[in-house]
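Working notes, beginning with the structure itself.
Both ligands and their constituent atoms are indexed starting at 1 by order of listing.
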Amino acid sequence: MKYHIITYGCQMNQNDSERIASFFDEKGFTESSEEDAEIIIINSCSIRQSAIDRIETKIKSIKKSSNRTVILTGCVLDKDKERMGSFIDYYWPPQDPSSWNLPHFKEKEERAFFEIPPKRSGITAYLSITTGCDNFCSYCVVPYVKGKEKSRPSKEIIEEARAAVKLGHKEIWLLGQNVNSYSGGINFPSLLKEINNIRGDFWIRFTTSHPKDLSSDIISAIKNYKKVAKYLHLPMQSGDDKVLEKMNRPYTTKEYREIVEEVRKEIPEISISTDVIVGFPGETEKHFSNTVKLFREIGFDMAYIARYSSRPQTTAYKMEETIESEEKKRREKIIEEILKESVLQKNKSLVGKTLRVLILREKKNGLLVGKTEGYKNVLFEGKKDLIGDFKNIKITHGSSWGLRGKINRK
Ligand code: SAH
Ligand code: SF4
């Protein structure tokens with residue numbers, strides 16, 4: 001039997017899919033293209049209504065053109081589960097293999113989800129360190145679809161990281177909705193220390209950091225542990241205190257600014273990215289202009305800008321939507337334009353510098369693509385067999401897309 005997994009949403013889902021893949025492999029199934037597969041697993045995302053709509057359309061089109069088995073798993077709200085129940089074959093609760101069944105399986109799975117080794121490929125090894133979330137930001141569906149925050153035991157994580165390094169992965173990417181509150185026996189800075197101590201040449205990245213929990217200890221860990229990439233993803237969501245309060249994000253813009261200042265003072269070369277939501281219920285022109293102001297002032301290296309999408313079960317769902325879709329688009333565009341300017345400026349300032357780059361893949365035009373520690377794309381000429389290596393690249397050009405460079409032969 002052949003199976004195919006379609007993954008939507010975040011890197012945590014990506015990592016979950018890798019475990020689902022090895023679960024199937026161990027049972028004697030073969031991973032295949034979508035066309036050839038007899039079983040299709042949809043690992044779903046519910047963050048925005050548009051994501052779940054897309055998933056529903058996809059399942060319907062699979063079912064219309066063939067009679068293949070469709071299994072739905074991942075982040076799905078009860079309401080969507082019920083609606084889609086009539087046209088999927090199975091719903092598998094995420095991360096609970098004991099309840100995953102198919103007529104082809106003889107025995108019930110005894111192992112816990114994280115005991116199933118992920119089937120990894122590529123240069124980066126994604127590694128979930130927590131599941132769920134306790135923060136209940138008012139717009140967000142995650143606590144309702146993934147439950148309470150749980151930290152995996154540190155021992156298990158360190159073993160998994162060690163195994164990934166041994167297999168040749170050059171980047172260990174720790175994942176959690178709020179990794180800063182990790183508490184699996186040791187705290188997050190100690191976990192970074194332990195992973196930093198694993199022998200080998202690799203980078204450590206982590207997402208996501210909640211500003212309320214980014215302590216000075218974590219900042220010191222990023223600064224002092226050599227393998228921790230000097231990169232921080234720090235979602236601000238809004239630049240207005242009133243909106244932050246309504247979002248149930250328990251920090252002020254003043255505090256956000258101070259954290260960024262501290263981070264930059266300690267680690268001047270660090271690159272910082274963020275998430276912003278535009279068009280939250282009640283976001284006035286004045287509130288939005290505060291977001292514009294803070295966003296411009298900070299000058300991010302990268303940002304993900306989302307138009308607010310009302311999600312059932314969340315507390316913001318009950319708030320009246322006041323911003324039209326066209327207006328959300330307009331606000332999104334304004335932030336995007338500022339982002340382009342700040343990225344251009346930052347990337348230009350790197351011209352002439354030599355940066356360590358992890359080489360990830362070859363583009364169609366034959367150029368190699370790599371990432372800097374700050375998670376910036378670099379394009380340069382080189383042989384394909386360099387993929388997976390670290391190289392020093394001299395930056396020759398910076399644009400709002402990324403960097404161009406040359407391998408430094410010295
Ligand atoms: N735990 C992480 C990421 C959660 S989801 C964090 O706290 O940042 C990733 C991003 O999706 C969020 O940062 C937010 O910007 C966006 N998002 C979440 N819910 C949303 C919604 N209902 N509408 C629009 N964007 C949303
Ligand atoms: Fe959602 Fe907030 Fe938790 Fe992030 S921290 S997953 S935005 S509830």
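Closest to atom 19 (N) of ligand 1, if we only count protein heavy atoms, is Tyr139 CD1, 3.3 Å. Protein heavy atom in closest approach to atom 1 (Fe) of ligand 2: Cys140 SG, 2.3 Å. Of all protein heavy atoms, the one lying nearest to atom 6 (C) of ligand 1 is Thr208 CG2, 3.7 Å. From the protein, the heavy atom lying nearest to atom 15 (O) of ligand 1 is Gln237 OE1, 2.8 Å. Closest to atom 8 (O) of ligand 1 among all protein heavy atoms lies Pro235 CG, 3.1 Å. Nearest protein neighbour of atom 6 (S) of ligand 2, counting heavy atoms only, is Gln177 OE1, 3.4 Å. The nearest protein atom to atom 25 (N) of ligand 1, hydrogens excluded, is given as Ala306 CB, 3.4 Å; this is a heavy-atom distance. Residue, atom and distance of the protein heavy atom nearest to atom 7 (S) of ligand 2 are Tyr139 OH, 3.5 Å. Looking only at heavy atoms of the protein, atom 24 (C) of ligand 1 is closest to Arg307 O, 3.4 Å. Counting protein heavy atoms only, atom 4 (C) of ligand 1 is closest to Gln177 OE1, 3.5 Å. The protein atom (non-hydrogen) at minimum distance from atom 26 (C) of ligand 1 is Ile277 CD1, 3.8 Å.
Note: His210 and Tyr251 have perpendicular aromatic rings, judged against thresholds of 30 and 60 degrees for the angle between ring planes. Ring geometry, Tyr231 versus Tyr375: the interplanar angle falls from 30° to 60°, so the pair is classed tilted.
In summary, Cys137 places no N/O/S atom under 2.8 Å from atom 1 (Fe) of ligand 2, failing the contact criterion.
Counting non-hydrogen atoms of other residues, nucleotides and ligands closer than 6.0 Å to NZ of Lys227 gives a total above 12. Under a cut-off of 6.0 angstrom, the local environment of NZ in Lys63 is crowded, with over 12 non-hydrogen atoms contributed by other residues, nucleotides or ligands. Crowding of Glu337 atom CD: a count of heavy atoms from other residues, nucleotides or ligands under 6.0 Å exceeding 12. Remark: Lys394 NZ is loosely packed, at most 12 non-hydrogen atoms of other residues, nucleotides or ligands lying under 6.0 Å away.
Checked by distance only, ligand 1 and Arg311 stay at 3.5 Å or farther apart across all their nitrogen or oxygen atoms. Residue Ser309 places at least one N or O, backbone or side chain, under 3.5 Å from an N or O of ligand 1. Remark: ligand 1 and Asp275 share an N or O pair separated by less than 3.5 Å (distance only, no angle test).
Salt bridge annotation for Arg331-Glu327: present, with a cationic side-chain nitrogen under 4.0 angstrom from a carboxylate oxygen. Salt bridge present: Arg111 and Glu26 bring a charged side-chain N and a carboxylate O closer than 4.0 Å.
Residues Phe23 and Phe105 form a side-chain contact, since some pair of their non-hydrogen atoms from C-beta on lies under 4.5 Å apart.
Here Cys133 has side-chain heavy atoms under 4.0 Å from ligand 2, and that is the only part of it that gets that close. Counting heavy atoms under 4.0 Å from ligand 2, residue Phe136 touches it through the backbone alone.
For ligand 1, the atoms closer than 4.0 angstrom to any heavy atom of Arg249 are 7 (O). Distances below 4.0 Å separate heavy atoms of Tyr308 from the following atoms of ligand 1: 23 (N), 24 (C). Heavy-atom contacts of Pro143 reach the following atoms of ligand 2: 8 (S) (cutoff under 4.0 Å). Every atom of ligand 2 is numbered from 1 in the order shown, and the set under 4.0 Å from a heavy atom of Val142 is 6 (S).
Which of Asn135, Asn248, Ile47 comes nearest to atom 5 (S) of ligand 2 through a heavy atom is settled by distance: it is Asn135.
Test Asp36, Thr69, Asp25 against Tyr3 for side chain to side chain donor-acceptor pair (under 3.5 Å) and you get one pass: Asp25.
Residue Ala229 comes nearest to Glu373 through the heavy atom pair CA-OE1, 3.5 Å, listed as atom of the first residue, atom of the second, then distance.
How far CG of Asn224 is from CG of Asn196: 9.5 Å, rounded to the nearest 0.5 Å.
Not a single heavy atom of Lys212 sits less than 4.0 Å from an atom of ligand 1. Residue Ile47 places a heavy atom less than 4.0 Å from ligand 1.
Checking side-chain atoms of Thr274 against main-chain N and O of Met236 turns up a donor-acceptor pair under 3.5 Å.
Donor-acceptor pairing under 3.5 Å is recorded for the side chains of Ser209 and Asn180.
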